[in-house]
Amino acid sequence: MTAIIDYGAGNLKSVQKALAYLGEEGVITGDPGEILAADKVILPGVGAFGDAMANLRSRGLEPVIHEVVEKQTPFLGICLGLQLLFESSEESSGVEGLGILKGKIVRIPDKEGLKIPHIGWNSLVLENQGRLFEGISPEPYVYFVHSYYLQAEEPEIVKASTEYSAHIHASVEKGNVFACQFHPEKSGEVGLQILKNFCSCVR
């Protein structure tokens with residue numbers, strides 16, 4: 001069973017539907033016991049960094065996520081879920097992230113001809129042999145919706161990047177922790193393969 005963490009940040013049903021299409025059971029839950037008992041855990045989300053961290057903390061889910069990671073349960077952050085795994089975000093000054101991975105979230109810089117938020121399809125440059133991208137052809141197109149992006153501190157954890165007014169770290173992986181700035185559940189066949197690859201990462 002895959003636990004999809006419910007902390008009031010939305011975008012849960014689309015992840016659940018994508019998992020169901022792959023024949024995987026996805027349970028939307030904010031129950032710590034259910035999350036800790038899951039074979040895999042997904043932290044999706046759209047919205048503001050500060051509000052999301054406040055929600056995780058008020059619901060007692062921050063230590064639960066740390067315990068999931070320490071137990072080596074496969075863990076996937078999607079969009080805002082990726083950003084929350086890091087230390088801080090320019091979107092919410094003074095708010096600490098989960099700090100599971102090292103790096104910061106910064107605003108996409110303004111550039112003539114480019115709209116912010118970045119909404120749409122972009123190609124990825126794959127690097128460092130990411131397990132999420134096994135069986136996927138080079139430079140796949142995936143779907144983004146975001147105004148802030150990751151600058152990871154450890155270059156070796158970056159498994160995919162893209163260009164949109166800046167060099168964006170689009171997917172990272174370290175041990176049992178995976179994360180995508182883009183939405184695999186909205187990225188067609190490529191996204192389904194990414195989710196399938198994650199689901200194959202059993203303990």
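For the pair I105/E91, no side-chain contact is recorded, criterion being any heavy-atom separation below 4.5 Å from C-beta on. Taking 4.5 Å as the limit, some side-chain heavy atom of C180 sits within range of a side-chain heavy atom of L76. Taking 4.5 Å as the limit, some side-chain heavy atom of I100 sits within range of a side-chain heavy atom of H66. Between F133 and N197, the closest side-chain pair of non-hydrogen atoms is not below 4.5 Å. Put simply, the side chain of S88 does not reach to within 4.5 Å of the side chain of E96, judged on heavy atoms. Side-chain atoms of E70 and T73, non-hydrogen and from C-beta on, never get closer than 4.5 Å to each other. Looking only at side-chain heavy atoms (C-beta outward), I28 and K13 come within less than 4.5 Å of each other. Looking only at side-chain heavy atoms (C-beta outward), V172 and F178 stay at 4.5 Å or farther from each other.
Residue I108 is not grouped with residue V145 when hydrophobic side chains (ILVMFWY) are merged at heavy-atom distances under 4.5 angstrom, including chains of intermediate members. Under a hydrophobic clustering in which Ile, Leu, Val, Met, Phe, Trp and Tyr are joined whenever their side-chain heavy atoms come within less than 4.5 Å, directly or via other members, W121 and V125 fall into different clusters. Tracing side-chain contacts under 4.5 Å through hydrophobic residues (I, L, V, M, F, W, Y), one never reaches L19 starting from V27; they form parts of separate clusters. Note on M53 and V177: same hydrophobic cluster, where clusters join Ile, Leu, Val, Met, Phe, Trp and Tyr whose side-chain heavy atoms are under 4.5 Å apart, directly or indirectly. One hydrophobic cluster, built from ILVMFWY side chains closer than 4.5 Å, cannot hold both M1 and I42; they sit in different ones.
The residues E87 and K102 are annotated as not salt-bridged, no charged nitrogen and carboxylate oxygen being separated by less than 4.0 angstrom. Using a 4.0 Å cut-off between charged nitrogen and carboxylate oxygen, E173 and R131 count as a salt-bridge pair.
Separating the CG atom in L84 from the CD atom in E62 is a distance of 10.0 Å, to the nearest 0.5 Å. Atom CG of L192 sits about 9.0 Å away from atom OG of S187, to the nearest 0.5 Å. Atom-to-atom distance recorded for F75:CZ and F198:CZ is 8.5 Å, nearest 0.5 angstrom. How far CG of L43 is from CG of L85: 6.5 Å, rounded to the nearest 0.5 Å. The distance from the CG atom of D6 to the CG atom of N55 is 9.5 Å, given to the nearest 0.5 Å. Once rounded to the nearest 0.5 Å, the distance linking CZ of R57 with OH of Y7 reads 12.5 Å.
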Quiz prompt | From CA spacing to verdict: salt bridge (Lys or Arg N to Asp or Glu O under 4.0 Å), K159, E127 | solution = CA-CA 5 Å; K159 305 303 179 181; E127 49 198 296; over 6 Å; no

Test side-chain contact (heavy atoms from CB on, under 4.5 Å) on I35 and L61 and set out the steps. CA-CA 9 Å; I35 294 167; L61 293 173; 3.8 Å; yes

query = Which is it for L98 and I65 under the side-chain contact (heavy atoms from CB on, under 4.5 Å) test, yes or no, and what are the steps along the way?
reply = CA-CA 9 Å; L98 293 166; I65 291 171; 4.1 Å; yes

Evaluate the side-chain contact (heavy atoms from CB on, under 4.5 Å) criterion for residues L195 and E24: first the C-alpha distance (whole Å), next the side-chain angles of each, then the deciding distance (0.1 Å), finally the verdict.
CA-CA 10 Å; L195 289 173; E24 294 282 337; over 6 Å; no

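A donor-acceptor pair under 3.5 Å links the side-chain atoms of T162 to the main chain of S123, judged by distance alone. Judged by distance alone, with hydrogens and angles left aside, the side-chain atoms of S92 form a donor-acceptor pair with the main-chain N or O of G50 at under 3.5 Å. Remark: side-chain polar atoms of S89 are not paired, donor with acceptor, to backbone N or O of F49 under 3.5 angstrom. With hydrogens and angles disregarded, a donor-acceptor distance shorter than 3.5 Å links the side chain of S165 to the backbone of P109. Side-chain atoms of N122 never come within 3.5 Å of backbone atoms of Y141 as a donor-acceptor pair (strictly under, hydrogens ignored). For Q181 (side chain) and L82 (main-chain N/O), no donor-acceptor pair under 3.5 Å exists by modelled atom type.
Under the 3.5 Å distance criterion, with hydrogens and angles disregarded, no donor-acceptor pair is assigned to the side chains of E134 and Q193. With no hydrogens or angles considered, a side-chain donor-acceptor pair links T29 and E34 at under 3.5 Å. Inspection of the S14 and N11 side chains reveals an N or O donor paired with an N or O acceptor under 3.5 Å.
I78 approaches F182 most closely through the heavy-atom pair CG2-O, 3.7 Å.
Checked against H146 for a ring pair (Phe, Tyr, Trp, His ring centres under 6.0 Å), the options F144, Y143, Y149 give a single hit: F144.
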